[in-house]
Amino acid sequence: MNYLFEPQPIVGLPIAGQSTYFPVRRVYCVGRNYAAHAREMGFDPDREPPFFFCKANDAQSVVVVAANETISVPYPSLTQNYHYEIELVVAIGKAGKNIAIDQAADHILGYAVGLDMTRRDLQIKMREQGRPWEIGKAFDYAAPVGVLHLKSETGEIHSGDISLSVNGEVKQQSNISHLIWSVNETIANLSTLFELHPGDLIFSGTPEGVGPVQAGDTMHGLIQGLSPLSVKVT
């Protein structure tokens with residue numbers, strides 16, 4: 001097939017202990033999925049069903065971070081309030097739609113640590129105007145993701161410490177068990193809206209403690225049992 005110009009290459013996440021890579025197809029995110037974070041954003045978590053948004057799936061958005069590596073991302077344009085959000089990322093390895101909750105785990109290939117970076121001021125402005133969130137969520141370098149660990153090695157992740165530090169100071173600290181909608185429930189809900197396919201990533205939500213970073217800051221994300229994620233803002 002002859003293209004007018006060279007197509008963008010597929011983003012591949014490194015897989016722990018393997019020489020093969022996970023090809024990224026789509027990037028889904030679930031909003032306000034920890035109760036304390038929902039409250040800090042001014043919402044009642046007891047009244048809200050899960051909702052979703054997307055990030056771009058190209059290399060300009062999905063920043064791949066190898067094990068024991070710190071990668072740099074530029075401070076984005078047109079924002080004065082650039083926020084971190086540490087999240088458990090779920091990698092889909094089996095296609096499905098209208099997936100039952102008790103079968104959702106069969107569609108999980110593995111897990112990674114991710115950052116849902118956010119231009120918070122632009123997100124809030126769009127929300128107040130009733131407009132889509134894209135400029136607050138789907139900008140360049142908005143989705144750093146670490147090494148993927150296969151579920152066959154980790155088992156299903158229903159709990160485990162999750163934290164993020166900035167310049168060595170802990171800012172977010174919680175447990176995966178505090179998700180309002182579990183990973184399996186999230187997959188089941190999302191699959192009623194989109195048919196999921198191998199290569200899809202799902203950012204499962206962030207705990208409380210989100211806040212701004214500036215150029216020169218280094219973020220270090222940890223989830224129990226997974227490779228850490230280290231990102232510096234330039």
Side-chain angles (χ1 to χ4, degrees), residues 27-55 62-63 65 73 81-91 104 108 110-121 123-124 127 133 136-138 142-149 154-190 201-214 217-231 233:
V27 180
Y28 300 101
C29 304
V30 58
R32 296 192 290 266
N33 202 22
Y34 284 79
H37 172 59
R39 293 189 185 101
E40 76 177 351
M41 298 302 292
F43 296 90
D44 184 348
D46 297 325
R47 295 182 179 179
E48 190 169 55
F51 70 94
F52 303 93
F53 58 93
C54 294
K55 289 178 180 274
V62 181
V63 182
V65 184
V73 299
N81 202 17
Y82 179 45
H83 276 209
Y84 51 79
E85 296 188 9
I86 184 72
E87 308 203 8
L88 173 68
V89 178
V90 181
I108 299 172
Y111 307 91
V113 181
L115 282 170
D116 170 14
M117 299 305 297
T118 303
R119 294 193 284 201
R120 187 72 71 201
D121 44 0
Q123 179 200 18
I124 292 172
R127 188 178 72 200
W133 287 8
K137 287 288 191 178
V145 182
V147 174
L148 181 65
H149 290 256
T154 65
E156 287 185 52
I157 296 181
H158 300 293
S159 64
D161 294 335
I162 178 172
S163 65
L164 182 123
S165 62
V166 178
N167 301 329
E169 180 181 354
V170 176
K171 298 292 187 178
Q172 292 184 272
Q173 193 166 31
S174 189
N175 194 284
I176 300 298
S177 63
H178 295 163
L179 284 166
I180 297 172
W181 298 94
S182 70
V183 167
N184 290 349
E185 290 171 329
T186 296
I187 291 171
N189 273 282
L190 181 61
L201 295 178
I202 303 172
F203 280 65
S204 61
T206 194
E208 69 276 14
V210 300
V213 284
Q214 304 295 332
D217 289 343
T218 297
M219 300 168 286
H220 192 69
L222 294 172
I223 295 178
Q224 187 176 337
L226 302 179
S227 295
L229 175 66
S230 186
V231 178
V233 183

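Computed from a prediction, not measured in an experiment: that's the story for all the values here.
- For F51, the ring-ring contact (aromatic ring centres under 6.0 Å, His included) test picks out W133, with sequence neighbours left out.
- Proximity of I86 to P207: side-chain heavy atoms (C-beta onward) are separated by under 4.5 Å at one or more points.
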Audit row: V62, V145, side chain to side chain contact (heavy atoms under 4.5 Å, CB included) steps and yes/no
CA-CA 7 Å; V62 181; V145 182; 4.3 Å; yes

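- Residue L229 comes nearest to P144 through the heavy atom pair CD2-O, 3.8 Å, listed as atom of the first residue, atom of the second, then distance.
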Show your working on side chain to side chain contact (heavy atoms under 4.5 Å, CB included) between V210 and H37 and close with a plain yes or no.
CA-CA 8 Å; V210 300; H37 172 59; 3.8 Å; yes

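- Qualifying ring-ring contact (aromatic ring centres under 6.0 Å, His included) partners for W181, counting only residues two or more places apart in sequence or in other chains: none.
- Distance check, rounded to the nearest 0.5 Å: CD1 of I162 to NE2 of H178 gives 11.5 Å.
- Inter-residue side-chain proximity for M117 and V213 is flagged as met; some heavy-atom pair is nearer than 4.5 Å.
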Under 3.5 Å, which donor-acceptor pairs do the side chains of residues 219-227 form with other protein atoms, sequence neighbours left out?
residue	atom	partner	partner atom	Å
Q224	OE1	D161	N	3.1
S227	OG	H149	NE2	2.8

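- Here the shortest heavy-atom pairing between K55 and A143 reads CD-CB, 3.8 Å.
- Between the CD1 atom of I187 and the CG atom of N184 there is a distance of 5.5 Å, given to the nearest 0.5 Å.
- A side-chain donor-acceptor contact under 3.5 Å links S204 to the backbone of L88.
- Every residue two or more places apart in sequence or in another chain that forms a side-chain contact (heavy atoms from CB on, under 4.5 Å) with A35 is listed here: R39, P45, I180.
- With values rounded to the nearest 0.5 angstrom, L179 atom CG is found 4.0 Å from Y34 atom OH.
- Remark: T206 pairs with Q172 by the side-chain hydrogen bond (donor to acceptor under 3.5 Å, both in side chains) rule, at least two apart or across chains.
- Using a 4.5 Å heavy-atom threshold, the side chains of V30 and F203 count as separate.
- Here the closest non-hydrogen pair linking V65 and S230 is CG1-O, 3.8 Å.
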Solution key, residues 163-170 side-chain donor-acceptor pairs under 3.5 Å, sequence neighbours excluded:
residue	atom	partner	partner atom	Å
N167	OD1	T218	N	2.9
N167	ND2	D217	OD1	2.8

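- Among residues two or more places apart in sequence or in another chain, the side-chain hydrogen bond (donor to acceptor under 3.5 Å, both in side chains) test is passed with Y82 by none.
- Side-chain atoms of Y28 never come within 3.5 Å of backbone atoms of L190 as a donor-acceptor pair (strictly under, hydrogens ignored).
- The salt bridge (Lys or Arg N to Asp or Glu O under 4.0 Å) analysis of residues 27-36, with sequence neighbours excluded, yields the pairs R32-E48.
- The salt bridge (charged side-chain N to carboxylate O under 4.0 Å, His left out) search around E85 returns R120, K137, not counting sequence neighbours.
- Contact of the F53 side chain with the D116 side chain is registered, since non-hydrogen atoms from C-beta on lie closer than 4.5 Å.
- Scanning both residues, V90 and V183, for their nearest heavy atoms gives CG2-CG1, 3.7 Å.
- A distance of 9.5 Å separates CD of Q173 from CD of E208, quoted to the nearest 0.5 Å.
- Atom CD1 of I202 sits about 7.5 Å away from atom OG1 of T186, to the nearest 0.5 Å.
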